[in-house]
Structures are given as C-alpha cells and as structure tokens.
Protein chains: 2
Amino acid sequence: MKLNTKSRYAVMALADMSKFPINNPVSLRDISLRQSISLLYLEQIFLKLKKNDIVKSVRGTNGGYVLKRDPKNIKLSEIFQALDQKVKTVGCKKDSKKGCNGKSAKCITHELWDELEIYINNFFENKKLSDLSLTKGDI
Amino acid sequence: MKLNTKSRYAVMALADMSKFPINNPVSLRDISLRQSISLLYLEQIFLKLKKNDIVKSVRGTNGGYVLKRDPKNIKLSEIFQALDQKVKTVGCKKDSKKGCNGKSAKCITHELWDELEIYINNFFENKKLSDLSLTKGDI
DNA sequence: TGAATACTTGACTATTTTAGTCGGGTATAT
DNA sequence: ATATACCCGACTAAAATAGTCAAGTATTCA
Ligand code: FES
Ligand code: FES
C-alpha cells in the first residue's frame, strides 16, 4: 500500500498556499521553489484541483492560484477525488455481484478489504486542510 | 492507494486453510482450484509465509501446508511483513533527518502522512486471521 | 504596444512496480 | 518406481507512476 506523489504533492502545495492570505494569488513557480516540486508536474495537478473547485486561477503577471474555500472546509478526501485517486483494497468491482476471482459470489476476504477501505477513507474524510497546523517556519 | 494481489491472495489462501482441521495439510493445488489463484503464484507466496513461520510444509504425496499457529494468533500485519509488503505513505526515509524533497528537514505534510501510516498499520495489527469469521459455505 | 509572467492542455516517455510464468529441482507416501 | 507436492531463482509482459514537452492563451506593467 503506497501513497503516490500526486496526492502527496497536491496536499503539500495546498498546505503551502494556505499559509498565505486568502485572495492573494500564489504562483506555482513559488510553490515549486519552496517545496521542491517540479513546476510542470504542479501544473498538471492544479488543473485538476481547479476543475474540482478547490482552487481558482488568476492569470497574468502576479497571478497564480487562490484557495476557493477556507482550509477548514477542504477535506483531504476531496483533494484525492479531484486527482482521481481512490483507495482500492478490494480486488473486485464494487457494484458487481461477481467476485475478484470471476466467480459469481464475493470472495471470502471481500468483507475484510471492504472494511479496510472504509477505514482508510474515513481518515481522509475527517481530515481538513486546516488540520495540518503549520507554523510559518514550516515553509 | 491500492492493495496488491500478493497480500490479498495470501490472506485469502490462509483463510481458506483455516477452515480445515489443523495439522491436516492443505495442498496449494486445492487452494488454487477453490480460490482461483494461480498455483505458481501461490507457491511463491507460501515460500515466504513459510520462511516467516506462519505455515509449515509437509512434502510428498498428500502433503501441503499447515498453519503453524492458531488463526487467533496470526495477525494480518505478520502476513504483510512476511511478504515484504509495507504501508508507505510518507515520501521520505523514516530514519533519515532529510525530507522527501531532499531538504534537510521533514516537509510540511510529513506528520500527516506519518499519522496515516500509523492509522493503517493499526488496522492490520488488530486484525487476526480468525476475525474473518468464515462459514463453511464461503469456501 | 510589447515583453514578461503565469495559467492551459493534450500528448508523450522513461522508469518502476506488479502480477504473474518458467524451468528445473527435492522430498515423501504408496 | 512413480506420482504428488513442495522448493527456488530467474525471467517477462503489462500496467502504473512520475514526470516532461510543445505549443499555446490571458493579463499586467513599463
Ligand atoms: S475482494 Fe471483492 S470478491 Fe474478492
Ligand atoms: S513525507 Fe517525510 S518529509 Fe515529506
């Protein structure tokens, strides 16, 4: 079970942004430099965050991205969803009657993995961007 | 975040075994047929389970594998460890002072991911093989 | 107006990981 | 003897990951 860089970088970048006054555009270039994340990769990530209403963009000089909502109201689960990132512990399609082995019933461990999936999703659902409790020094 | 087949199959196979009288060797061939898991893949998995004292082998005709301990005493975390499978949510080396970005300090999200890692490991630590509560019909 | 900044978008690619397979063993019961 | 079933290292196809690249468009400021 590994967490991918996309999700990690997304949260890292948003945490970085959340340290600045809201409505003050933060450029990806700055985030890239501060957090040592590839600028081109960040662009890819922020496009999705924008499409999912987590940030909005301000074009042109002194432009950048702005959090669309208060960090208190941004759940980690939303960030993950925005990046098409899912917690997948079961081996089967959830909405199908079929099991991970192709048989007509769910396998003997299905319930266990489903429980784990709910458990993990619960973590993301209950964590807000504001919970990262950063100090200025962290950046 | 995805769970790999190796871990899933390992638990599935052990759950299958745990339905049979202890000390009664269960052959991989049978598990393979019942659970629709590749026999060759199962061999690879069981070699590791054996090395880690979760099962023991009985060679020859009517041989197979036997659980080395009561399912009540086999934690999922042990099974994962046996397969070299780790929960890895942080992007850095844990024992290093360096961050995931190569900088000299841990990044602003490190604490969060570490918390998640502990949270997930906690699930595996508290689940035992016996917790799968199977009925004969499940197999 | 024009140069610089910074977002926009789709396609492309190298590397790594996953999910197995293959081949050639060895031990044991009957 | 022979069939069964574990043993073990090496190999490989396919998928996912972690980016990069090219070619834009919009806005600000001098
Ligand atoms: S995990 Fe859903 S059927 Fe096996
Ligand atoms: S995850 Fe550990 S330093 Fe970033």
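Note on naming: letters A, B, ... go to the chains in the order of the sequence lines (proteins, then strands), and numbering restarts at 1 for each one.
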### Message
Using only atom types and a distance under 3.5 Å, with no angle test, would you say the side chain of B/Thr89 pairs donor to acceptor with the backbone of B/Trp113?
### Response
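Answer holds: yes.
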### Side-chain heavy atoms of A/Asn52 within contact of A/Glu78, under 4.5 Å
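No - every pair of side-chain heavy atoms lies 4.5 Å or more apart.
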### Message
Side chains of A/Lys93 and A/Lys98, heavy atoms from C-beta outward: is any pair under 4.5 Å?
### Response
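No, every pair of side-chain atoms sits at 4.5 Å or beyond.
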### Task
Have a look at A/Phe46 and say if it touches a base, only the backbone sugar-phosphate, or nothing, with a 4.0 Å heavy-atom cut-off.
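No contact at all - A/Phe46 keeps every heavy atom at 4.0 Å or more from the nucleic acid.
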### Query
Are A/Leu67 and A/Val58 co-members of a hydrophobic cluster defined by side-chain heavy atoms under 4.5 Å apart?
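No; tracing contacts between hydrophobic side chains, which count when under 4.5 Å, never links both residues.
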### Task
By nearest nucleotide on DNA chain C, pick out whichever of B/Val58 and A/Tyr65 is the more 5' one.
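By nearest-heavy-atom nucleotide position, the 5'-most residue is A/Tyr65.
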#### Entry: Nucleotide C/dC7, atom P - distance to CG of A/Asn62 in whole Å
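After rounding, the gap between these two atoms is 11 Å.
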### Query
On DNA chain D, which is the earliest and which the latest nucleotide, 5' to 3', with an atom closer than 4.0 Å to a heavy atom of chain A?
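The contact span of chain A on DNA chain D goes from D/dA18 to D/dC29.
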#### Entry: A/Tyr41 and A/Tyr9 aromatic ring geometry - parallel, tilted or perpendicular at 30°/60° bounds
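It falls in the perpendicular class, over 60°.
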### Query
NZ of B/Lys86: more than 12 outside heavy atoms within 6.0 angstrom?
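Count not over threshold, so no.
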### Task
Starting at the 5' end of nucleotides 13-24 of chain C, put B wherever the base has a protein heavy atom under 4.0 Å, S where only the sugar-phosphate does, and a dash everywhere else.
----S-BBBB--
### Query
Salt-bridged, A/Lys94 to A/Asp114, with N to O below 4.0 Å?
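Here A/Lys94 pairs with A/Asp114 in a salt bridge, since their nearest N and O are under 4.0 Å apart.
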### Query
Has A/Ser57 got a side-chain N or O lying under 4.0 Å from the OP1 or OP2 atom of C/dA6?
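So the side chain of A/Ser57 is outside the cut-off, no N or O lying under 4.0 Å from OP1 or OP2 of C/dA6.
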### Spatial distance of atom CG (A/Leu47) from atom OG (A/Ser57) [nearest 0.5 Å]
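Result: 9.0 Å between the selected atoms.
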